[in-house]
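Worksheet for the structure shown next.
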Amino acid sequence: MGGISTGKIGRKTNVKDFVSWFEIPAVNFAQAVHFYNKIYQINMETNVSETHSMAFFPIKNGIGGAIVAGLGSLPSDKGP
């Protein structure tokens, strides 16, 4: 994925990724983490606070993302 972007002086440069971070909202955080760990055979690092929970997809470089649960993080047909 990528495209062409016009640089500061009008030169065209390749854009590697249009997306740099994504979040997947979850109602049942533990179930969602278990699901992604199982299907991708990974072990997501989690961070849980009183108001929000996040589980991070392991990456070394490239596009990162997380499963999120908490106020305002509800799956819907209109997006997260």
### Task
Return the minimal non-hydrogen interatomic distance between Ala26 and Ala32, and the atom names on each side.
CB-CB, 3.7 Å
### Task
Flag yes if Met44 and Trp21 sit in one hydrophobic cluster, no otherwise; membership is Ile, Leu, Val, Met, Phe, Trp, Tyr, and two members link when side-chain heavy atoms are under 4.5 Å apart.
no
Identify every side-chain donor-acceptor pair in residues 49-71 under 3.5 Å, counting partners at least two apart or on other chains, and give the distances.
from  : atom 1 : to    : atom 2 : distance (Å)
Ser49 : OG     : Thr51 : N      : 3.3
Ser49 : OG     : His52 : N      : 3.1
Ser49 : OG     : His52 : O      : 3.1
His52 : NE2    : Leu71 : O      : 3.3

### Query
Just by distance, do the side chain of Asn43 and the backbone of Asn37 share a donor-acceptor pair under 3.5 Å?
no
### Query
Could you give the distance from CZ (Phe35) to CD1 (Ile24), rounded to the nearest 0.5 Å?
9.0 Å
### Query
Is it true that Val19 and Tyr40 fall in one hydrophobic cluster, defined by side-chain heavy atoms closer than 4.5 Å?
yes
